[in-house]
Each structure stands twice: as C-alpha cells, then as structure tokens.
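Just so it is clear, the model here is predicted, and its values are computed rather than measured. Heavy atoms only: backbone and side chains are in, while hydrogens, waters and symmetry mates are out. All chains are named by letter (A, B, ...) in the order of the sequence lines, taking the proteins before the strands, and each is independently numbered beginning at 1.
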Amino acid sequence: DAGVIQSPRHEVTEMGQEVTLRCKPISGHNSLFWYRQTMMRGLELLIYFNNNVPIDDSGMPEDRFSAKMPNASFSTLKIQPSEPRDSAVYFCASSLQGQNPNYGYTFGSGTRLTVV
Amino acid sequence: AQSVTQLGSHVSVSEGALVLLRCNYSSSVPPYLFWYVQYPNQGLQLLLKYTTGATLVKGINGFEAEFKKSETSFHLTKPSAHMSDAAEYFCAVREYGNKLVFGAGTILRVKS
C-alpha cells in the first residue's frame, strides 16, 4: 500500500488566489481527517469525514475554507481566497473507524503552503 | 472534551541516556492513548498506542509507554537515546467518534 498520498508537496501562491490541496486515503479506510500544523498553534483538526460524509467541521477557520470528499478515494481542501496567515503545513490522515480503537491514523507527508 | 498536556516543549538528552517525554491527559471515559513521532519535513508516524489490557505498551524503535490511570499519565520512555531519535513527539487521546486530540508536541534533541 502506498499510504496516504497528498499533493502537491509544496505550494507557493499569491494572496487572493485559490488553493486546492488533494488527498488520497488508504484503500479501505472510511475516515479521513484534515489537519493544519503551525508553530504557533500546533496541530489543529480542521474537518473529518466518515464514509465520505463531513462529521465535524468545527475546526475550519473561516468560510474561505471548504472541504469535499466526493468518493472514498479522494478528498480536497480548498482555500479561496488565500491569505498569508494560511501559510502552514496541511496534513491529511485516514483511519478505519469502528468500535475497535486499535485503528490509529495514517498520515500523509503533508502539503507545505506558503501564501505571499 | 478530552485534552492532552505535554510537559516540556523541548527535551535534550545525551546519546545513550534515558529518554522521558511526559504526557498527561484528561478524559471522562476510559481513554485510548497514542504517541506519534514526526521527523523533519515528514508526516506523523505511529509509535505506540494504549487501548485496553496491559498498561505497559511497547512500540517501534525501542520506545515504550505506561498508562497510569491514577496519575492520568502516559509518559514515553526509551532506555538509551540514539541520534536518530531526534524528532518531535506528539501524545494524543482519542475522543468518541474516532477524533484524535493532540498535545502541543515535544522536540527531542540528542547530543553526541
């Protein structure tokens, strides 16, 4: 298994532009999570999906952020318009949800976003 | 809501010395606890986890952690530090619904 795949690895964009981050979870996993990591705020959960349905988006900072999961093998996180304070590393993780807590998360390598 | 506190944002040890990274949690239900490691420019990798059963759990790379309910702690240890252990370590607790809440992280530095 190739693990959780995120693209792009690095993204540099100008303020005001639209940014789309992509994630392919591990095949068979039914939960997907988007995290943002910054020096100031650490790891923040933005949103998570179970069976392609958004369950908790309380961590999404503003309406400029949106996430979709059109099918079990793909998710996007979009920022429109982007701002310099959105600069961070964005991680996607997937898991097999259920009563058995033995399933941990598998993280992707992250997308480093820089908004100038 | 559950929360995690990691004592010490930076820990420095000499190569060969004991590694001790502290984690305390708050939870109103029996917790599921995890330690993750993050190497520079990489994602988080699961080191070990406690769910039920034996309170001393062993993970990868010689790390282990002990769940102490009375102290609400889940400290991570390794008897002898190696240079390759230098990384950032995150403690996490699983909330109901499969959501993981992470601590702020502890950066481990290993001196030669």
Side-chain angles (χ1 to χ4, degrees), chain A residues 2-7 9-10 21 23-26 29-51 53-59 88-114, chain B residues 1-10 23 25 27 29-55 57-60 63 65 67 74 76 87-107:
Chain A
V4 176
I5 299 173
Q6 291 187 247
S7 64
R9 286 297 308 273
H10 302 274
L21 311 181
C23 176
K24 177 178 168 53
I26 288 176
H29 281 188
N30 60 359
S31 293
L32 184 139
F33 308 81
W34 282 101
Y35 280 86
R36 178 171 68 176
Q37 186 178 36
T38 61
M39 289 289 291
M40 292 298 294
R41 301 172 71 94
L43 272 165
E44 303 173 275
L45 177 64
L46 300 177
I47 185 171
Y48 83 95
F49 297 83
N50 279 348
N51 298 314
V53 176
I55 301 300
D56 184 350
D57 65 354
S58 59
V89 181
Y90 291 81
F91 287 104
C92 176
S94 71
S95 174
L96 182 61
Q97 190 230 7
Q99 293 303 312
N100 187 336
N102 281 305
Y103 303 121
Y105 289 16
T106 300
F107 279 79
S109 297
T111 295
R112 183 175 296 275
L113 173 65
T114 303
Chain B
Q2 288 142 317
S3 65
V4 175
T5 302
Q6 291 184 239
L7 298 176
S9 59
H10 292 77
C23 172
Y25 68 90
S27 176
V29 297
Y32 302 135
L33 298 159
F34 303 81
W35 275 100
Y36 282 82
V37 60
Q38 184 180 28
Y39 298 102
N41 300 315
Q42 295 187 27
L44 278 72
Q45 179 183 0
L46 180 65
L47 264 182
L48 50 79
K49 58 180 182 280
Y50 168 79
T51 53
T52 58
T55 57
V57 293
K58 296 183 184 300
I60 62 172
F63 284 93
F67 168 59
F74 191 57
L76 181 71
E88 188 162 16
Y89 293 79
F90 293 90
C91 183
V93 60
R94 176 184 158 178
E95 289 191 348
Y96 179 79
N98 205 30
K99 192 166 73 170
L100 277 183
V101 175
F102 286 89
T106 297
I107 294 174

| query | Considering only heavy atoms, which portion of A:Arg112 lies under 4.5 Å from any heavy atom of chain B: side chain, backbone, both, or neither? | reply | side chain

| field | Student check: side-chain heavy atoms of B:Phe102 and A:Gln37 closer than 4.5 Å | value | no

| Considering all heavy atoms, the nearest B:Gln38-A:Phe91 contact | NE2-CZ, 3.2 Å

| message | Could you measure the distance from the CG atom of B:Leu44 to the OH atom of A:Tyr35? Nearest 0.5 Å is fine. | response | 9.0 Å

| Is chain B contacted by the side chain of A:Gln6, its backbone, both, or neither, given a heavy-atom distance below 4.5 Å? | neither

| request: Can you tell which part of B:Gln45 gets under 4.5 Å to a heavy atom of chain A, answering side chain, backbone, both or neither? | output: neither

| Residues forming a ring pair (Phe, Tyr, Trp, His ring centres under 6.0 Å) with A:Phe49, sequence neighbours excluded | none

| Heavy-atom contact with chain A under 4.5 Å, split by part of B:Tyr36 | side chain

| request: Check ring pair (Phe, Tyr, Trp, His ring centres under 6.0 Å) between B:Phe90 and all other residues, then give those that pass, not counting sequence neighbours. | output: none

